[in-house]
Student: 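Below are the structure tokens for one structure; questions will follow.
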Amino acid sequence: MNTRTNNRWHRLLAAFRSAMDFQQRIWVVNVRESRFQDESFIVSEDSFTTPLQWMNKKGYSEEMLSKVELMKRSQVLEFTVGDCQHRLMRVK
């Protein structure tokens with residue numbers, strides 16, 4: 001395989017891995033609407049058709065989405081979305 005073909009192959013593999021990686025991410029999300037209303041969810045991208053689909057539907061800003069995209073495992077982020085506090089921990 002020549003160098004040019006080899007480079008294309010590596011770029012194709014990297015793009016494929018990147019596309020598949022988003023469907024393996026899992027977060028535990030805690031949403032607190034008030035002192036008395038608090039819910040937790042497990043958000044898995046297994047069934048998503050696009051990266052961060054759940055966060056997009058909940059109204060996360062572009063800045064928030066960028067931070068979530070870069071999260072590492074066991075990292076926790078907190079955001080205010082509307083009148084709610086969202087706490088995310090990436091577990092996978």
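Predicted model only: the values in this text are computed from it and were never measured. These numbers come from the heavy atoms of this one structure, side chains and all, not from hydrogens, waters or symmetry mates. Counting from 1, the numbers follow the sequence of the chain as shown.
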Student: Other hydrophobic cluster members with M89, side-chain heavy atoms of Ile/Leu/Val/Met/Phe/Trp/Tyr under 4.5 Å, chained?
Tutor: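 In the cluster with M89 are I26, V28, I42, V76, V91.
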Student: Holding to salt bridge (Lys or Arg N to Asp or Glu O under 4.0 Å), I want the full list of residues that pass it with E39, two or more places apart in sequence or in another chain.
Tutor: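 By the salt bridge (Lys or Arg N to Asp or Glu O under 4.0 Å) rule, E39 matches no residue at all.
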Student: Measuring from W27:CH2 to L52:CG, what's the distance to the nearest 0.5 Å?
Tutor: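 Rounded to the nearest 0.5 Å, the CH2-CG separation comes out at 5.0 Å.
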Student: Please report the interatomic distance CG(L65) to CG(N56), rounded to the nearest 0.5 Å.
Tutor: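 Spacing of CG (L65) from CG (N56) equals 5.0 Å.
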Student: How would you list, by chain and number, every residue that makes a side chain to side chain contact (heavy atoms under 4.5 Å, CB included) with S74, sequence neighbours excluded?
Tutor: none
Student: Apply the hydrophobic cluster definition, ILVMFWY joined by side-chain contacts under 4.5 Å directly or through others, and give me every member besides L70.
Tutor: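 None; L70 is a cluster of one.
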Student: List, one per line, each side-chain donor-acceptor pair under 3.5 Å for residues 77-84, sequence neighbours excluded.
Tutor:
| unit_1 | atom_1 | unit_2 | atom_2 | d |
| --- | --- | --- | --- | --- |
| E78 | OE2 | R87 | NE | 3.3 |
| E78 | OE2 | R87 | NH2 | 3.1 |
| T80 | OG1 | Q85 | OE1 | 2.5 |

Student: Using the six-membered ring wherever Trp is involved, compare the ring planes of H86 and Y60 and label them parallel, tilted or perpendicular (cut-offs 30° and 60°).
Tutor: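 It falls in the perpendicular class, over 60°.
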Student: Tell me every residue that passes side chain to side chain contact (heavy atoms under 4.5 Å, CB included) with S61, counting only those two or more places apart in sequence or in another chain.
Tutor: E63, M64
Student: Check step by step if side chain to side chain contact (heavy atoms under 4.5 Å, CB included) holds for M55 and E69.
Tutor: CA-CA 10 Å; M55 292 75 172; E69 184 69 41; over 6 Å; no
Student: Could I get the full list of side chain to side chain donor-acceptor pair (under 3.5 Å) partners for D38, not counting sequence neighbours?
Tutor: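 Once residues adjacent in sequence are excluded, the partners of D38 under the side chain to side chain donor-acceptor pair (under 3.5 Å) criterion are N30.
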Student: Show every salt bridge (charged side-chain N to carboxylate O under 4.0 Å, His left out) that has at least one partner inside residues 47-58, sequence neighbours left out.
Tutor: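 Non-adjacent pairs meeting salt bridge (charged side-chain N to carboxylate O under 4.0 Å, His left out): zero.
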Student: Which residues pass the side chain to side chain donor-acceptor pair (under 3.5 Å) test with Q53, not counting sequence neighbours?
Tutor: T49
